[in-house]
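Data block below; observations after.
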Amino acid sequence: MSSPFRLRKKHGSGAPLDSTAADGERLVEFQSVRSAMVAGLITIIVFSVFWAALSLLLDRVFPWLTVLLGFLIGVAVRQAGKGVDWRFPLIAAVFTLVGSLLANVVVSASYTAESFGTGTVQILQAVTSMTWPVYFDEVLTAADAFYAIYGAAFAAFLASRRLTRSQYYALRLWRER
């Protein structure tokens, strides 16, 4: 008979977890850096096209969309990579920083292409080494850098695989042996 002063347990049965170090080893073997990187690259490409099309359609550039890029890359890296170690948040953060720069370049090229009446690919092919200093001085702002860094932190936060209690325990057992 339970005491009337004891609260009802909602968090578990109290039985020990039946996880082993072998379960943790399977979690580590199941992760894939290559899949995480491929998912990140695909996300960058699709996002760049989406952002350029949206900017041309609305005739405005939204620099805060790089935070959305961070969200998308973080989720893509988590889903594709199934990572449980430090490499996956790092991949997501770096890909978000690089992706935000590339997406800004694509958006700028699409605006330039529209004003010259040519295609975005032709503008990107015409870029020379003398174009980059002007681009970084006149087009990129502190707001772009702020949103890119914030998006990278957001991506890193979301990139790790979410583990259950028993999975975390198995991973800890594997790391301690």
Side-chain angles (χ1 to χ4, degrees), residues 26-163 167 171:
R26 277 193 293 280
L27 283 172
V28 171
E29 288 174 356
F30 193 63
Q31 63 187 4
S32 172
V33 171
R34 188 180 81 187
S35 295
M37 293 176 85
V38 168
L41 284 174
I42 291 171
T43 304
I44 289 171
I45 293 167
V46 170
F47 178 81
S48 297
V49 171
F50 167 75
W51 192 15
L54 182 69
S55 295
L56 287 177
L57 179 68
L58 299 177
D59 199 31
R60 287 187 65 181
V61 177
F62 300 104
W64 53 265
L65 279 177
T66 54
V67 176
L68 176 64
L69 174 65
F71 172 79
L72 295 173
I73 287 179
V75 170
V77 167
R78 179 177 61 203
Q79 294 295 320
K82 309 268 191 251
V84 293
D85 60 9
W86 60 271
R87 295 176 296 174
F88 295 90
L90 181 66
I91 289 169
V94 169
F95 272 52
T96 300
L97 291 174
V98 171
S100 65
L101 178 64
L102 291 176
N104 270 312
V105 168
V106 170
V107 169
S108 299
S110 66
Y111 266 103
T112 305
E114 185 182 26
S115 65
F116 286 140
T118 186
T120 304
V121 175
Q122 286 81 17
I123 295 295
L124 290 172
Q125 288 174 340
V127 171
T128 65
S129 62
M130 300 193 66
T131 308
W132 295 116
V134 174
Y135 178 77
F136 286 118
D137 284 343
E138 296 179 5
V139 177
L140 288 183
T141 64
D144 294 319
F146 172 79
Y147 288 125
I149 291 169
Y150 187 78
F154 197 34
F157 174 74
L158 292 172
S160 294
R161 182 177 179 180
R162 303 297 180 239
L163 300 174
Q167 288 173 329
L171 187 62

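Values in this document were obtained by computation on a predicted structure and should not be read as measured data. Counting begins at 1 with the first residue of the sequence.
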Quiz item: Going by atom types only, do Thr128 and Thr131 share a side-chain donor-acceptor pair under 3.5 Å?
Solution: yes
Quiz item: Roughly how far, to the nearest 0.5 Å, is CZ of Arg87 from CE of Met37?
Solution: 11.0 Å
Quiz prompt | Distance (rounded to the nearest 0.5 Å) between Leu124 CG and Thr112 OG1 | solution = 9.0 Å
Self-check item: Min side-chain heavy-atom separation Leu101-Leu140 under 4.5 Å
Solution: yes
Exercise. Using side-chain contact (heavy atoms from CB on, under 4.5 Å) as the criterion, list what pairs up with Ile149, not counting sequence neighbours.
Key: Leu97
Practice problem: State whether the side chain of Gln79 and the backbone N or O of Ala76 hold a donor-acceptor pair below 3.5 Å, judged by distance alone. | Solution: no
Quiz item: Within 45° of the ring axis of Phe88 and under 6.0 Å from its six-membered ring centre, is that where the NZ or CZ of Arg34 lies?
Solution: no
Self-check item: Nearest heavy atoms of Thr96 and Gly151, plus distance in Å
Solution: CG2-C, 3.5 Å
Quiz item: Checking side chain to side chain contact (heavy atoms under 4.5 Å, CB included) for the pair Val28/Asp85: CA distance, chi angles, key distance, verdict?
Solution: CA-CA 8 Å; Val28 171; Asp85 60 9; 5.9 Å; no
Self-check item: Taking every non-hydrogen atom, the tightest pair across Gly70 and Ala155
Solution: O-CB, 3.1 Å
Quiz item: How many angstroms lie between atom CG of Leu54 and atom OG of Ser110, to the nearest 0.5 angstrom?
Solution: 10.5 Å
Exercise. Could you list the residues that satisfy ring pair (Phe, Tyr, Trp, His ring centres under 6.0 Å) with Phe47, not counting sequence neighbours?
Key: Trp51
Quiz item: How long is the span from the CD1 atom in Ile73 to the CZ atom in Phe154, to the nearest 0.5 Å?
Solution: 12.5 Å
Self-check item: Whether Asp144 side chain and Thr141 backbone form a donor-acceptor pair below 3.5 Å
Solution: yes
Quiz item: Any sub-3.5 Å donor-acceptor pair from Thr66's side-chain atoms to Leu69's backbone N or O?
Solution: no
Quiz item: Is a donor on one side and an acceptor on the other found under 3.5 Å between the side chain of Tyr111 and the backbone of Arg60?
Solution: yes
Quiz item: Between Thr43 and Phe95, does a side chain to side chain contact (heavy atoms under 4.5 Å, CB included) hold up when you go through it step by step?
Solution: CA-CA 10 Å; Thr43 304; Phe95 272 52; over 6 Å; no
Quiz prompt | Point-to-point distance, once rounded to the nearest 0.5 Å, from CG of Leu65 to OG of Ser100 | solution = 11.5 Å
Quiz item: Does the Ser55 side chain pair with the main chain of Ala52, one donor and one acceptor, at a distance under 3.5 Å?
Solution: no
Practice problem: Verify, without hydrogens or angle tests, whether Gln31 (side chain) and Val84 (backbone) share a donor-acceptor contact under 3.5 angstrom. | Solution: yes
Self-check item: Residue pair Arg161, Leu27: steps toward the side chain to side chain contact (heavy atoms under 4.5 Å, CB included) verdict
Solution: CA-CA 10 Å; Arg161 182 177 179 180; Leu27 283 172; 3.3 Å; yes
Quiz item: Is there a side-chain contact between Val106 and Leu102 (heavy atoms, below 4.5 Å)?
Solution: no
Quiz prompt | Which atom of Ala156 lies closest to which atom of Ala92, heavy atoms considered | solution = N-CB, 4.2 Å
Exercise. Look up atom CG in Leu57 and atom CZ in Phe50, then write down how far apart they are to the nearest 0.5 Å.
Key: 10.0 Å
Quiz prompt | Under the ring pair (Phe, Tyr, Trp, His ring centres under 6.0 Å) test, residues paired with Phe62 that sit two or more places apart | solution = Trp64
Exercise. Kindly determine whether Ile91 and Val33 satisfy side chain to side chain contact (heavy atoms under 4.5 Å, CB included), including the steps that lead there.
Key: CA-CA 8 Å; Ile91 289 169; Val33 171; 3.6 Å; yes
Quiz prompt | Tyr135 (side chain) donor-acceptor with Val105 (main chain) under 3.5 angstrom | solution = yes
